There are 2 protein chains.
Amino acid sequence: MSRPDTPAPRRRTKATSIDIAHRAGVSQATVSRVLRGSPLVNAETRRRVEEAVRELNYTVDRHASSLRLQRSGTLALLLFEDPTADESHINPFFLSMLGSITRACARAGQDLLVSFQQLSDDWHADYADSRKADGLILLGYGDYLSYRGRLDTLVEQGTRFVRWGAVLPDQPGLSIGCDNFHGGELVGAHLAGLGCRRVAFLGDASSHYPEFLDRYRGCDAALRAVGGAMDPALQVDAQSSEDDGYAAARELLARRDGGGAVAFDAVFAASDLIAIGALRAFEEGGLDVPGDVRMVGFDDIPAARFTHPALTTVAQDTTSAGELLVETLLALVDGQPAQSRMLPAQLVVRRSSGA
Amino acid sequence: MSRPDTPAPRRRTKATSIDIAHRAGVSQATVSRVLRGSPLVNAETRRRVEEAVRELNYTVDRHASSLRLQRSGTLALLLFEDPTADESHINPFFLSMLGSITRACARAGQDLLVSFQQLSDDWHADYADSRKADGLILLGYGDYLSYRGRLDTLVEQGTRFVRWGAVLPDQPGLSIGCDNFHGGELVGAHLAGLGCRRVAFLGDASSHYPEFLDRYRGCDAALRAVGGAMDPALQVDAQSSEDDGYAAARELLARRDGGGAVAFDAVFAASDLIAIGALRAFEEGGLDVPGDVRMVGFDDIPAARFTHPALTTVAQDTTSAGELLVETLLALVDGQPAQSRMLPAQLVVRRSSGA
DNA sequence: CTGAAAGCGCTTACAG
DNA sequence: CTGAAAGCGCTTACAG
């Protein structure tokens, strides 16, 4: 613990490139060159500067650098939430996207600013305009048609952004998304193979929610291949929460038992959270899964392995998704060509479908 | 789609305060005063400036502002991970902390930089020194003794930081944590009340992992109150993953059936993830929970509701935790008094303890 | 290969 | 109440 007799360092005041320059006996410009890896620096000079940098524990001031470069080295992740969502819970699927995006940013040497937004907030102004971030990653459920206009504004303003969601033909900006149609097909084919023909769908299936709609259509296509089809009487709206799923399943039971008298032998829930809510409603209603009804979800959130019975679902590759989102956004920021992309979906069979 | 005949805006070049000044017919300094809410501005002047700001969709450039103010308005969350952890999965408990911290930052008007770190990385340099953030929030499991030295360095350098974890007496910097000892007591009292006297503990219970150690000791204290005690022969190391829990439970079974011949009537898993792994091991081993063994976890992660049987556990108040972490860190950054704090723990009884 | 200088876009003490 | 000016800490074209 004895102090060596080096001059007492002035704490609190961080070293600047000028301090380094003095110490290394060069100009401040040369320090900057070394730090930015310029090739026009003599090897010995470089060595001296690097030594001083190490001794003073110097790091480039990011604000000064960003101001000068007009580039922040930072990406922002805006996670949109349903304003009705429970304060403390975020859809686990997005949480795992957040994890993979964070990792992808780290690998790409980018910092990541994370923010939860209400769809109603004034987000575009905040991030891109103030140059806090070079580009935006947009993530979240929500009514697509209601925020589409915002995307147009973003494009108009020249903001660089990539969206996670349905990959649609005439869409503003770029999107990375799961191949939801094929995911739906996998579900439909799986259920059809098990003899199901009356597949209920829990989830909005309109152009307001294009991801869900694609899942619905994919399932429909697979049923049609065996002479069946989805029945609109078996579709009940639900957005994304467990409670939505619970309510939707109750509604489905009411239709079956009420005047509607519609029968179903399987349920395709548009998300795992919806499926979990539905599972609860069925358990309360005395319906056995998969005995009486087979159940399939979508997303493969961690909890899907632990539901009772364990949930058959469609996994989206969140690791690749995060990488692709970051990669695509950086291409955009660098003015390089970039395009929307769809990622493969994969069926994960567990007990709830009784396969 | 027809363009109104407004002059074609020059895109790409964001407006600066000088543009606003020209438009409002004032000096650039006055624009800055208005934007920072200075009281020394005439009401009419203020109005004109605000109008120009709106018209040009102006936002203050954060880098310039931060450079001048020597303050970034940004906090950084460093999430440490076990280097051995599965790439794609983060402990759900930390994910929910992340959620609450993000919200707390938003409420406090702070931006949040999120980064995953290995305990071995050179993190302190990166964030505080480069002034990317005004302060750090440190989150994560890991061997406390092995990173303690880093905390000392942080303190020495005058870095502002708050740590989530065990609140220890002689600790460098401030910590916010759950009252782990009391959490353990709740578990011990609950199990004792159900007649258990032989409680196994799955988790490291050394000063390397002070949070787990406190949980262990709390449970021990509660058992002692009824004339029992924890038995070191029933403690098996496990860090935090499900696989650790699985392995630890297997080891426990081996001890019971092998030369050790140690009996147990309950298991207290140091985390829910460990409990979930143990549940799997017991199911494979043909042990019924809670019939043969009662099981209690810690954290109340979302999946705890869905395990089979549903997991009795100790909930930590992540919402308050996030708020307190941010609040405390901001006090530190502002040079105001701040202190370490413990948050209450709450027992959540579900089926796995057979209560 | 290196240095002196301009300038990125702000904020605020200073002078009126 | 307002403006002119200095300066936050960098990066890089320019001139040698």
Side-chain angles (χ1 to χ4, degrees), chain A residues 10 12-50 52-53 56-74 111 125 128-134, chain B residues 12-50 52-53 56-74 111 125-126 128-134:
Chain A
R10 264 174 289 118
R12 217 95 327 166
T13 325
K14 313 238 144 117
T16 70
S17 56
I18 296 201
D19 300 328
I20 304 297
H22 285 333
R23 188 164 191 118
V26 296
S27 75
Q28 184 269 335
T30 297
V31 173
S32 186
R33 285 197 190 93
V34 170
L35 269 73
R36 295 204 52 85
S38 162
L40 343 150
V41 183
N42 178 288
E44 164 60 12
T45 307
R46 174 181 302 279
R47 205 198 50 67
R48 285 217 313 283
V49 169
E50 281 166 350
V53 163
L56 297 188
N57 225 292
Y58 169 75
T59 324
V60 173
D61 181 299
R62 283 293 289 268
H63 298 300
S65 176
S66 298
L67 174 59
R68 188 47 240 251
L69 292 170
Q70 298 290 309
R71 241 260 214 183
S72 68
T74 302
D111 285 317
D129 296 358
S130 64
R131 297 183 195 273
K132 283 195 269 193
D134 300 325
Chain B
R12 217 95 329 167
T13 326
K14 311 239 145 118
T16 70
S17 55
I18 297 203
D19 299 328
I20 304 298
H22 285 331
R23 189 165 190 115
V26 296
S27 76
Q28 184 268 336
T30 296
V31 172
S32 186
R33 287 197 189 91
V34 169
L35 266 73
R36 295 203 53 83
S38 161
L40 342 150
V41 182
N42 179 287
E44 164 59 13
T45 308
R46 174 181 302 281
R47 205 200 48 68
R48 284 217 315 282
V49 170
E50 281 167 350
V53 163
L56 295 189
N57 226 292
Y58 170 74
T59 324
V60 173
D61 180 300
R62 282 293 288 269
H63 298 299
S65 177
S66 298
L67 174 59
R68 186 48 238 255
L69 292 170
Q70 297 291 308
R71 243 264 215 181
S72 68
T74 302
D111 283 317
D126 204 30
D129 298 357
S130 63
R131 297 183 194 274
K132 284 194 266 194
D134 300 324

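Sequence lines set the chain letters: A, B, ... in the order given, protein chains first and strands last, and positions in each chain run from 1. Please read all numbers here as calculations on a predicted model, not as lab measurements.
- Residue A:Arg68 contributes atom CZ, which lies 16 Å from atom C1' of D:dG7 at whole-angstrom precision.
- Between D:dG9 and A:Ser65, no contact under 4.0 Å exists linking OP1 or OP2 to a side-chain N or O.
- Remark: the separation of the C1' atoms in C:dT12 and C:dG16 is 16 Å, to the nearest Å.
- Rounded to whole Å, the distance from CD on A:Gln28 to P on C:dG3 is 11 Å.
- Regarding B:Asn42, its CG atom lies at a distance of 10 Å from the C1' atom of D:dT2, rounded to whole Å.
- When rounded to the nearest whole Å, the span between CG of B:Leu69 and P of D:dA6 equals 20 Å.
- One finds a salt bridge joining B:Asp111 and B:Arg62 here, because a Lys/Arg side-chain nitrogen approaches an Asp/Glu carboxylate oxygen to under 4.0 Å.
- For A:Thr45, a side-chain nitrogen or oxygen approaches OP1 or OP2 of C:dT2 to under 4.0 Å.
- Between B:Ser17 and C:dC10 there is a side-chain polar atom (N or O) within less than 4.0 angstrom of OP1 or OP2.
- Between A:Arg36 atom CZ and C:dC1 atom P there is a gap of 19 Å when expressed in whole angstrom units.
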* Once Watson-Crick and G-U wobble pairs under 3.5 Å are found, how is DNA chain D written in dot-bracket notation, 5' to 3', with | for any base paired to another strand? -> |||.||||||||.|||
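- Contact annotation: B:Tyr58 does not reach the phosphate of C:dG9 (side-chain N/O to OP1 or OP2, under 4.0 Å).
- Side-chain atoms of B:Asp134 come within 3.5 Å of backbone N or O of B:Ser72 as a donor-acceptor pair.
- With respect to the salt-bridge test (charged N to carboxylate O, under 4.0 angstrom), the residues A:Glu44 and A:Arg47 qualify.
- Between the CG atom of A:Asp61 and the P atom of D:dC8 there is a distance of 12 Å, given to the nearest Å.
- Across all strands, B:Ser32 comes closer than 4.0 Å to base atoms (heavy-atom distances).
- Rounded to whole Å, the distance from CZ on A:Arg48 to C1' on C:dG3 is 14 Å.
- One can find a donor-acceptor pair under 3.5 Å joining the base of C:dG3 and the side-chain atoms of A:Arg33.
- When rounded to the nearest whole Å, the span between CG of A:Leu67 and C1' of D:dG7 equals 12 Å.
- Across all strands shown, B:Ser38 has no heavy atoms under 4.0 Å from either base or sugar-phosphate atoms.
- A:Leu40 comes within contact range of at least one nucleobase, with a heavy-atom separation under 4.0 Å.
- When the side-chain nitrogen and oxygen atoms of B:Thr16 are compared with OP1 and OP2 of C:dG9, none of them lie within a distance under 4.0 Å.
- More than 12 heavy atoms of other residues, nucleotides or ligands shown are found within 6.0 angstrom of CG on B:Leu69.
- Put simply, B:Ser27 has a side-chain N or O that comes within less than 4.0 Å of OP1 or OP2 on D:dG3.
- Among the protein residues, B:Ser66 comes within range of no part of the nucleic acid, since none of its heavy atoms lies under 4.0 Å from any strand.
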